[in-house]
Amino acid sequence: MPAPRVRFAPSPTGFLHVGGARTALFNWLYARQTGGVFVLRIEDTDKERSTEAHTQVILDGLTWLGVTWDEGPYFQGSYADRHRADAERLLASGHAYRDFLTADELDAARARAKASGVPFRYHRAELELPADEVERRATAGSPYTIRFAMPDDEIAWDDAVHGPISWQGRDLDDFIILRSDGSAIYNMAVVSDDIAMGITHVIRGDDHISNTPKQIALYRALGAPLPVFGHVPMILGTDGKKLSKRHGATAVGDYQDMGILPAAMRNFLALLGWSPGGNEEIVDQEAMISRFSLEHIQKKPAVFDTTKLEWMNGQYLSALAADDLIAPVERQLAILGVHTDRELHALIDAVKTRSRTVIHLAEQIAVRIDRSRVHRDDNAAKFVAKLGAATFTANLALAAAELNGVGEWNAAALEGQLKAQATAHNLKLGDLMQPIRIALTGGTVSEPVPLLLEVTGRDESLARIALAVQTISA
RNA sequence: GGCGCUAUCGUCUAGGGGCCCAGGACACAGCCCUCUCAAGGCUGGAACACGGGUUCGAAUCCCGUUAGCGCUACCA
């Protein structure tokens, strides 16, 4: 059996949505697993809405996700001649006919049907003019569309995710395949391209199920072998409606900006509608590829739950080595306006388990390297009030005195010193630690204080403590 | 309206006739750990849409109902 060829065929009329990204991912996973080829084709035939900028965003989004294509990007617009030739071939073979009705006449007929409450259907007998009349109008230069003559019989296929699906041809209209300006309509262009590109597996969104019988009829009329069709379910917003702008972030670029890691996004998207079958949640790329199967794709739509995405991102953040986090962290630091030549590894390791997004991670690092970002928050103020400003500063001063004399400035040594100090002065550990934390970060939450001191550095830590003593007693 | 698709905890899901008075994860609550917060560990509440069949036995198979979604363009 020859290697499968799959494709992802977005139209560049908007950003790369998570639904599209997941469809791309499923195609990619299938290609990687089977040793097949993943083709990227940009369907830019809607010239009104397609833009180069959108194309670039889609390419960037796929690249960021790690969904890399083996062929392409091909641009559907450049195959207009072939599309037209295929449509005309259908006309010549009697599988299609000329329709001289104008768009306006069609609209009027539809409006009439709607007004009288009957469903609008094309009547081929009326549309299909006598041969000599067709000839007369054509030579007279009347514009026409080419309409496919839909056979009446059953069209069924064994969908790779849904199983058997069946339609009756008679329920389908004779649809236009070539516009009066000579350009092909979607279904014609897709089939023409998929045949020409040797696509063996068409894996796409559920919203295309109703296009499939039309496309199958086209394959048959064109005498081409049928690919395998697999329709993956839609992705919904938390209100159960189709995911849209209203639901907030829906483009993969949005998630990059929110500080989501590509590996986490990939993992999350893969498990939205697909499951390896067991109980795992964190599935790395290799496992995804080896265990992927179209049969295990869910048939029903899934709600996109950002909370779980963030949890998963946190898992990746904790598990990934600082090395792998440097680039995204630097990107976010730049966005925050923080520029530093400090070595970031230790800082990242110190704070990463407490972060769910790279943004939060970067914010914490920013506070540790840039003193001007230390602002006491409400919880800190409450703590000061509860302990009493006098005790607070006294404890801080005590800590400062102790820390001044520390030889090795590392977490283990600092912890020993601080604990001894607390015991010696009969202080609760928290009453000594928390003031330091507040002095260093302005907040009540951080990594363990000894580690915080270590990554903040001796001079900077002492300076911040001195500053806090000053401002709080004042 | 017509045609099609779908239906397990709030959400993502496991489940392919007995292993299921339904398992895991997120979220939520409690406990443990602990200088704080995370992480981690433990515990808890929480679902087979409804009605008929088939079968010794159904979340699993069939039919119907209901609900949701999709398509019904000279858009893709």
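Residue numbering restarts at 1 for every chain, and letters A, B, ... go by the order of the sequence lines.
Looking at the side chain of A/Thr307, the nearest of the listed nucleotides B/rC35, B/rA38, B/rA27 is B/rA27. Nearest nucleotide to the side chain of A/Lys300, out of B/rU8, B/rG70, B/rC3: B/rU8. Here B/rU6 is the nucleotide among B/rU6, B/rC74, B/rC35 with the atom lying nearest to any side-chain atom of A/Lys299. Picking from B/rC74, B/rC12, B/rC35 the nucleotide with the shortest atom distance to the side chain of A/Val303 gives B/rC12. Closest to the side chain of A/Arg437, out of B/rC5, B/rU36, B/rA76, is B/rU36. Here the nucleotide nearest the side chain of A/Trp167, chosen from B/rA27, B/rA76, B/rG70, is B/rG70. For A/Val445, the listed nucleotide lying nearest its side chain is B/rU36; candidates were B/rU36, B/rC35, B/rA27. Closest contact between the side chain of A/Trp311 and the listed nucleotides B/rA76, B/rC74, B/rA25 involves B/rA25.
Contact of A/Lys308 with B/rA25 (side chain to base): a donor-acceptor pair of N or O atoms is detected under 3.5 Å. The base of B/rG24 lies close enough to the side chain of A/Glu281 for a donor and an acceptor atom to sit less than 3.5 Å apart. Looking at A/Ser180, its side chain comes within 3.5 Å of the base of B/rC74 through a donor and an acceptor atom.
One C1' atom belongs to B/rG68, the other to B/rA49, and the distance between them is 11 Å to the nearest Å. Across the C1' atoms, B/rA76 and B/rG70 are found 15 Å apart, a figure rounded to whole Å. Look at the P atom in both B/rC69 and B/rG51: the space between them is 24 Å, to the nearest Å. Spacing of C1' atoms, B/rG1 relative to B/rU8, comes out at 32 Å, to the nearest Å. For the P atom pair drawn from B/rC32 and B/rA47, the interatomic distance equals 28 Å after rounding to whole Å. Separation of the C1' atoms belonging to B/rG24 and B/rA46 is 14 Å when rounded to the nearest angstrom. B/rC50 and B/rC12 have their C1' atoms separated by 25 Å, with the value rounded to a whole Å. B/rG30 and B/rG57 have their C1' atoms separated by 40 Å, with the value rounded to a whole Å.
Contacts of A/Ala302 with the nucleic acid, taken as non-hydrogen atoms under 4.0 Å apart, involve only primed sugar atoms and P, OP1 or OP2. Across all strands, A/Ser446 comes closer than 4.0 Å to base atoms (heavy-atom distances). A/Gly443 comes within contact range of no nucleotide atom at all, as no heavy-atom separation falls under 4.0 Å. A/Pro450 comes within contact range of at least one nucleobase, with a heavy-atom separation under 4.0 Å. Counting non-hydrogen atoms under 4.0 angstrom, A/Ser11 reaches the backbone sugars and phosphates but no base. Residue-level contact check: A/Ser166 touches the backbone only, with heavy atoms under 4.0 Å from sugar-phosphate atoms and none from bases. As judged by a 4.0 angstrom heavy-atom cut-off over every strand, A/Asn211 is placed among the base-contacting residues.
In this structure, CG of A/Asp181 is placed 13 Å from C1' of B/rC75, rounded to the nearest angstrom. At whole-Å resolution of the value, CE in A/Met433 and P in B/rU34 are 13 Å apart. Here the P atom of nucleotide B/rA73 and the CG atom of A/Leu101 are 14 Å apart, to the nearest Å. The interatomic distance linking A/Gln76 (CD) with B/rA76 (P) rounds to 8 Å, in whole Å. Rounding to whole angstrom units, CG of residue A/Asp174 and C1' of B/rA73 are separated by 15 Å. Between the C1' atom of B/rG24 and the NE2 atom of A/His296 lies a distance of 16 Å, rounded to the nearest Å. Distance CZ (A/Phe75) to P (B/rA76): 17 Å, rounded to an integer number of Å. We find that CD1 of A/Ile209 is positioned 14 Å from P of B/rU72, with the value rounded to whole Å.
Checking each of A/Tyr255, A/Trp274, A/Phe304 against A/Leu269 for a side-chain contact (heavy atoms from CB on, under 4.5 Å) leaves exactly one that passes, namely A/Phe304.
With respect to A/Arg84 and A/Glu88, no salt bridge is recorded, no charged nitrogen being found less than 4.0 Å from a carboxylate O. Salt bridge status for A/Arg291 with A/Glu280: present, with a side-chain N to carboxylate O gap under 4.0 Å. Salt-bridge annotation for A/Asp194 and A/Arg41: present, with a side-chain N of the basic residue lying under 4.0 Å from a carboxylate O of the acidic one.
Under a cutoff of 6.0 Å and an axis angle of 45°, A/Arg137 and A/Phe100 form a cation-pi pair. Note that A/Arg98 lies in the cation-pi zone of A/Tyr144, set by a 6.0 Å cut-off to the ring centre and a 45° limit from the axis.
Contact check, A/Gln298 against B/rA14: a side-chain N or O comes under 4.0 Å of OP1 or OP2. At the phosphate of B/rA39, OP1 or OP2 sits under 4.0 Å from a side-chain N or O atom of A/Arg356. Under 4.0 angstrom from either OP1 or OP2 of B/rG70 there lies no side-chain N or O belonging to A/His208. Checking the phosphate oxygens (OP1, OP2) of B/rA76, no side-chain nitrogen or oxygen of A/Thr13 falls inside 4.0 Å. OP1 or OP2 of B/rA76 sits under 4.0 Å from a side-chain N or O of A/Arg179. Under 4.0 angstrom from either OP1 or OP2 of B/rG40 there lies at least one side-chain N or O belonging to A/Gln315.
Here B/rC37 sits opposite no nucleotide as a Watson-Crick or G-U wobble pair (both hydrogen-bonding atom distances under 3.5 Å). Nucleotide B/rU72 forms a pair with B/rG1, judged by Watson-Crick or G-U wobble geometry with both contacts under 3.5 Å. The base-pairing partner of B/rG18, taking Watson-Crick or G-U wobble contacts with both distances under 3.5 Å, is B/rC56. As the counterpart of B/rU11, B/rA25 is assigned, both hydrogen-bonding distances of the Watson-Crick or G-U wobble pattern falling under 3.5 Å. Here B/rG51 sits opposite B/rC63 as a Watson-Crick or G-U wobble pair (both hydrogen-bonding atom distances under 3.5 Å).
Residues A/Pro448 and A/Thr238 both approach RNA chain B. Their nearest nucleotides, taken by heavy-atom distance, put A/Thr238 toward the 5′ side.
A/Asp174 places a side-chain N or O within 3.5 Å of a backbone atom of A/Met150 that can act as its donor or acceptor partner. Side-chain atoms of A/Arg464 do not come within 3.5 Å of backbone N or O of A/Ala439 as any donor-acceptor pair. Looking only at distances, no side-chain donor or acceptor of A/Ser183 sits under 3.5 Å from a matching main-chain atom of A/Arg179.
Taking both residues in full, the closest heavy atoms of A/Leu272 and A/Arg22 are given as O-NH1, 2.5 Å, listed atom of the first, atom of the second, then distance. Taking both residues in full, the closest heavy atoms of A/Leu414 and A/Pro450 are given as CD1-O, 3.6 Å, listed atom of the first, atom of the second, then distance.
In this pair, A/Phe26 and A/Phe292 present their aromatic rings tilted. The plane angle is within the 30 to 60° band.
The stretch residues 376-396 of chain A has no heavy atom under 4.0 Å from RNA chain B, so no residue of it qualifies as close.
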